[in-house]
2 protein chains.
Amino acid sequence: MFWSRSFITTLKEAPEAAESISHKLMLRSGMVRMLISGVYSYLPLGYRVLARIENIVRQEMNKTGAQELLLPSLQSIELWQKTGRDELMGETMIRFQDRRGRKLCLGPTHEEVITELAAAYVKSWRDLPFTLYQIQTKFRDELRPRFGVVRSCEFIMKDAYSFDRDFEGLNQIYEKMRQAYEAIFKRCGLGFVSIKADSGVIGGDLSHEFLVPAESGEDVVYRCKICGMVMGAHEAAINECPHCHKDMEKLNALEVGHIFKLGDKYSKSLGVKFLDEAGHQQIVQMGCYGIGVSRLIAAVIEQNHDGNGIIWPKEVAPFDVLIVPVNVSDKLIWDEAVRLHDELGRQGLEVLLDDRDERAGVKFKDADLTGIPWRITVGSRWTKEGKLEFKNRRTGTVTEAAGGDPAAYLDLVRG
Amino acid sequence: MFWSRSFITTLKEAPEAAESISHKLMLRSGMVRMLISGVYSYLPLGYRVLARIENIVRQEMNKTGAQELLLPSLQSIELWQKTGRDELMGETMIRFQDRRGRKLCLGPTHEEVITELAAAYVKSWRDLPFTLYQIQTKFRDELRPRFGVVRSCEFIMKDAYSFDRDFEGLNQIYEKMRQAYEAIFKRCGLGFVSIKADSGVIGGDLSHEFLVPAESGEDVVYRCKICGMVMGAHEAAINECPHCHKDMEKLNALEVGHIFKLGDKYSKSLGVKFLDEAGHQQIVQMGCYGIGVSRLIAAVIEQNHDGNGIIWPKEVAPFDVLIVPVNVSDKLIWDEAVRLHDELGRQGLEVLLDDRDERAGVKFKDADLTGIPWRITVGSRWTKEGKLEFKNRRTGTVTEAAGGDPAAYLDLVRG
């Protein structure tokens, strides 16, 4: 991909309204653009990161045996009345009437729809267990959208729902999901904590939140300065570590995932029943498991940046390698840049070539801002000595390698 | 994937309300489920087909150099007023006011949003040309939803938008897109025609529709019985082939794609201007290119089925191979079925194993209904002679191969 055709548009300064570092860097690097307050377009650079994160989530969900489907955004208010959540959702849920007079809403979450679906499918113990998930756009009428994609009116979630015959089965899948969540956040390059949490409007018997310590986070966790134990704000009321009996420090944190043991909260009101081996009717036990997929992008940036810009972890970077020819009108430099671009592309890497007729300084600044893991400079060292410079965005380390010897640098950039 | 864990739920009869063959077969094979009239959930089997079609569309779009992004569904009515399409869209566009009093709509199409985006980005001739696309959910307040996913209130579209400095550039990308569309429809196993069309509410100077002859189609095309030439309903008013001067036959057809030379219709009203080499301000020339992605599933089924069910073309099939052990309690049979499942999976094929404790006849019926290209039967021929039966869903041909010799059948099922 050539920069000039890539629709990447960087800004020297972030718009004043941007409050958090992730919001500023997403705007400055041209990842997103605000359409109206709380509503964002993902530009090609931002979409690449989104797609990579979706892919990680999909892979880890599939590993648990969960199956992907796609549920509608348009839902009838009537369905929400059956579980009593119509009122509970209040004004956060976007509602309207269509021209046939149907009272509809845009799904802010999908417990009702999936439970209604399961009720039609589940007949016997043989139909259980199963877990379904989707990666889908949700809508909320946020009164105060903030921090770009962190608290917005339209966002992407992964929501999974498990159906089991008993609590033992629910406990098993809950634990599997907890492990899948840890794998997902680790692959995204995130430091995180999980704590017991309030189940809020979702409800159920038990829930865990996954929180990413981040300056602009709106949640709070407490960490013991001695043993490092992390607790939620309910639990740590006394502000003292229950282990060490020492002060705990207060950290802002961003919620990126939440898993719930719903039990029979939805299956009872929407009638998901099955006949067991003895022919007795039983109620299905459910769990639900959410990840804020678009919000993950912000969380990754909050934890992976420096004064010059974003530092993408390998697995979520929009490109693996950025090639910077310092002078595009020097034929020796240009030819080598294009050769590298094509060769690394053939090797399965995502490569961006900065073909703009700009000063090297401008290109280097944009390289740091957009945070692609490796920058390869093709400059005077190439024309004079046949050497390329490989700069690691995270460590700042520069390694030299001969241009003619792919074996010498392929392992480096794949690393 | 084992059938018992796959959430595939087949029906002997389609619900009475289903009018078209594709709608009937999608319901009977458990691909979709109606939530409310005009609104469908894609169950795992249906979602697999949707994902494969999206993948084909994505690959062919990327080949043209178009870049993927993601635009919001939530849009302000104000933006639509600028192009005068607020009124033109009428009641088809879903509108509501949020709690802050903003007048919003759900995007039925995205010319306004993408043009506003381009206006902020394009400054000089150097920024052109580029093409952007998304695969995204659209919303329409359909007065009379029909034929399942064919005419629904919530559906998935691929919409691409090109930006060029002049008509020559627009003509080039228009031709590239036309070719990409032909590649997409061919890979989906579709017979199709493209005809000059009315540009409707999208507008512009010229447009072509891509139509798939299908019994339940709501469009009409005329085909010459002699030379096979196909024409649209404006053009063929005299009902006589302009070549052969003979009668033309009338065929129902389903619109699956529509491409438009918009010219400056949107770029003028939303101000997408650039400075040319001489420093003169010019208006950008646009094109837009739509494919009804979810509707494509129906189109494929309309053209690929028989009395027993769906016949999936290879590239869009939900699974490549279905393994049917005729008796799951026979250890010899079961072990070979699982071995095959694992081996073919390792070879990169998508494999479904019908592990249900059902009669072979029930399984064979479901195999035909769900339309997976290859059915491998593990039965008495296996236990007695070490032979497996490979049945091709389209041709009905049965080929035998020794179970111990993967080389003998891998080419067959990959074919």
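Throughout, a chain's letter reflects where its sequence line sits, starting with A, and its residues are numbered from 1.
- For B:Ala298, the side chain to side chain contact (heavy atoms under 4.5 Å, CB included) partners two or more places apart in sequence, or in a different chain, are B:Ser22, B:Val149, B:Val150.
- With a 4.5 angstrom heavy-atom cutoff, A:Arg356 does not touch chain B via any of its atoms.
- For B:Arg102, the side chain to side chain contact (heavy atoms under 4.5 Å, CB included) partners at least two apart in sequence or on another chain are A:Ile36, A:Ser37, A:Cys153, B:Asp98, B:Arg100, B:Leu104.
- Residues from residues 114-123 of chain A that place a non-hydrogen atom less than 4.5 Å from a non-hydrogen atom of chain B comprise A:Glu116, A:Leu117, A:Ala120, A:Tyr121, given in numerical order.
- Heavy atoms closer than 4.5 Å to chain B are found nowhere in A:Asp357, neither backbone nor side chain.
- Only the side chain of B:Ile94 comes within contact range of chain A, judged by heavy atoms closer than 4.5 Å.
- In this structure, chain B has heavy atoms under 4.5 Å from both the backbone and the side chain of A:Ser6.
- Using a 4.5 Å cut-off between heavy atoms, A:Leu11 does not touch chain B at all.
- Listed by sequence position, B:Phe139, B:Asp141, B:Glu142 are the residues of residues 134-142 of chain B in contact with chain A, using a 4.5 angstrom heavy-atom cutoff.
- Looking at B:Gln75, the atoms closer than 4.5 Å to chain A (heavy atoms on both sides) sit in the backbone and in the side chain alike.
- By number of non-hydrogen pairs under 4.5 angstrom with chain A, the leading residue of B:Met1, B:Arg33, B:Arg99 is B:Arg99.
- Top candidate by heavy-atom pairs under 4.5 Å with chain B, chosen from A:Phe7, A:Tyr42, A:Phe130, A:Phe96, is A:Phe7.
- If you measure heavy-atom distances from A:Leu71 to chain B, the contacts under 4.5 Å come from both the backbone and the side chain.
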